[in-house]
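I have placed the structure first, in the form of structure tokens, so that the comments after it can refer back to it.
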Protein chains: 2
Amino acid sequence: MELNEKQRLILDAAEKLMAEKGFDGTSVRDIAEEAGVNLAMISYYFGSKEKMMEAMFAQRSGYYKLQLESMIRDKELGPMAKMERLIDQYIEKLMNHQAFHRVLVREQMVSGNKMITDHIQELKKQNQALIREIISEGQKKGVFKKNIDLPILMMTLIGTISQLLTTQHFYKEINGLQDMPADEFQKHIRKKLSLHLKKIFHAILSNEA
Amino acid sequence: MELNEKQRLILDAAEKLMAEKGFDGTSVRDIAEEAGVNLAMISYYFGSKEKMMEAMFAQRSGYYKLQLESMIRDKELGPMAKMERLIDQYIEKLMNHQAFHRVLVREQMVSGNKMITDHIQELKKQNQALIREIISEGQKKGVFKKNIDLPILMMTLIGTISQLLTTQHFYKEINGLQDMPADEFQKHIRKKLSLHLKKIFHAILSNEA
DNA sequence: AGCAAAATTAAACAAATGTTTGATTTAAAC
DNA sequence: GTTTAAATCAAACATTTGTTTAATTTTGCT
């Protein structure tokens with residue numbers, strides 16, 4: 001779907017506010033004001049608040065589509081190196097779109113909008129299918145263990161990153177990092193996350209002792 | 001705070017509905033109907049919807065208080081055995097109070113109610129202080145690694161469980177478990193989670209190869 | 001039984017909600 | 001320059017929201 005300038009303004013405003021207050025906690029008047037457009041434009045362009053949300057997911061959920069295809073076929077990279085790149089891709093994707101990810105986490109919990117949850121589910125399936133290829137390759141080469149439970153492993157990957165995203169204010173305080181500049185903190189935390197998750201994946205996947 | 005029968009009915013109804021629809025997505029009329037009480041009783045007993053939520057957290061957040069003290073002093077248990085019990089306690093606590101945990105996850109993400117987020121933060125700090133004791137003991141005995149980043153490890157613990165809680169429908173479908181009875185599924189998933197997380201903790205904490 | 005406090009109720013309240021309307025302005029096409 | 005459609009706007013709309021009111025019922029106590 002092609003978006004014009006006004007539509008983009010509206011979705012940006014909606015994403016920002018809904019990341020803070022949630023769908024029901026954000027009124028269309030708040031969104032219109034934040035976007036600097038007239039209230040009626042939301043219905044005019046999207047039909048309704050609900051459909052505006054759907055448009056937002058259609059527009060943004062591509063964030064979750066990983067750039068994996070070419071990497072998977074790469075003959076130079078070993079399976080573990082591929083998994084490490086995968087981890088970093090997930091960290092980048094989720095951290096670079098924190099606001100949208102918050103909206104998504106909320107929406108995922110609700111039994112709510114079928115169109116949206118189906119959309120998310122489909123993306124997850126596609127990603128898992130690709131990752132499974134890497135794992136199969138690793139098992140065939142004997143560097144990965146047999147009997148790997150990918151869905152649970154993905155829960156640790158996404159769950160750990162999500163948990164950081166939703167509680168980073170806690171993390172800052174508990175580590176006395178309130179005064180660290182925002183971008184420096186982002187770098188710091190991504191590095192930590194990356195090392196931590198790679199250690200975990202290595203322990204779960206690798207055949208070596 | 002002591003609760004009478006009506007107050008309990010109200011909080012139970014509120015918890016159930018807010019786990020599904022969130023705070024803003026749940027009206028006091030919905031809550032009153034679900035609880036089978038008159039609409040005005042919510043203001044009458046709690047003062048407001050907001051304060052009702054605070055009462056709910058005051059009442060339920062004890063779920064997150066682990067029964068660790070006595071176990072920590074236990075001379076029979078090694079540090080790794082203690083960590084394993086810790087993992088199982090977290091799994092039990094969060095899984096046994098799924099509805100409340102959903103409400104908490106949502107509320108945690110919002111900048112919203114200071115009283116509630118402070119309460120949560122305080123509980124986390126207390127728990128982490130206790131866990132740190134176990135880790136120090138393990139390090140002193142030489143069975144745990146030095147330089148363990150506890151906050152990140154806790155993110156993996158809580159994040160993995162939370163991710164499962166918020167996406168279990170997806171997990172069911174991807175594993176073809178839609179027809180498994182609910183209680184059997186709960187058992188199945190707790191067992192898997194437990195083994196998975198213990199493997200991770202062992203890899204991160206243990207000094208052995 | 002009589003009384004005071006607590007509990008319960010239906011109704012009313014003002015404010016906020018998502019959406020629509022109908023008029024007006026802007027832009028594009030001829 | 002006129003015409004036609006798209007875009008923009010303030011106002012109005014009907015619901016829904018959380019809360020309060022004022023009357024009534026129930027409860028506990030003497």
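In what follows, chains are A, B, ... by sequence order, proteins preceding strands, each numbered from 1. Since we're looking at a predicted model, the values are computed, not measured.
- We find the CD1-CE distance between I161(A) and M95(A) to be 8.0 Å, quoted to the nearest 0.5 Å.
- Residue Y44(A) has a polar side-chain atom (N or O) positioned under 4.0 Å from OP1 or OP2 of dA7(D).
- Across all strands shown, I42(B) has no heavy atoms under 4.0 Å from either base or sugar-phosphate atoms.
- Phosphate contact (OP1/OP2 of dA7(D), side-chain N/O of N38(A), threshold under 4.0 Å): absent.
- Which of dA10(D), dT19(D), dT17(C) sits closest to the side chain of R29(A) comes down to dT17(C).
- Rounding to whole angstrom units, CG of residue N4(B) and C1' of dA6(C) are separated by 11 Å.
- Aromatic rings of H119(B) and F57(B) (six-membered ring for Trp) have centroids beyond the 6.0 Å cut-off, not under it.
- We find that CE of M41(A) is positioned 15 Å from P of dT19(C), with the value rounded to whole Å.
- Rounded to an integer number of Å, the gap from R8(B) CZ to dA7(C) C1' is 17 Å.
- S27(B) comes within contact range of the sugar-phosphate backbone alone, with a heavy-atom separation under 4.0 Å but no base atom that close.
- dT17(D) atom C1' lies 16 Å from atom CD of E33(B), rounded to whole Å.
- At the phosphate of dA6(D), neither OP1 nor OP2 sits under 4.0 Å from any side-chain N or O atom of Y45(A).
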task: Evaluate side chain to side chain donor-acceptor pair (under 3.5 Å) for Q98(B) paired with Q186(B), printing each intermediate quantity in order.
output: CA-CA 11 Å; Q98(B) 301 196 18; Q186(B) 289 297 319; 3.0 Å; yes
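- Here dG18(C) presents its C1' atom at 8 Å from CG of L39(A), a figure rounded to the nearest Å.
- The CG atom of L3(A) sits 17 Å away from the C1' atom of dA7(D) (whole-angstrom rounding).
- Summarising the geometry, the separation between CG on L17(B) and P on dT17(D) is reported as 12 Å, rounded to the nearest angstrom.
- Classification of the F100(A)-Y63(A) ring pair by plane angle, with boundaries at 30° and 60°, yields perpendicular.
- Between S194(B) and the choices K198(B), H196(B), R190(B), the side chain to side chain donor-acceptor pair (under 3.5 Å) rule is met once, by K198(B).
- If you take CZ of F46(B) and P of dT19(D), they are 13 Å apart, rounded to a whole angstrom.
- For dT17(D), neither phosphate oxygen OP1 nor OP2 lies less than 4.0 angstrom from any side-chain nitrogen or oxygen of K49(B).
- Residue K6(B) is the one, among K6(B) and V28(A), whose nearest nucleotide of DNA chain C lies closer to the 5' end (criterion: closest heavy atom).
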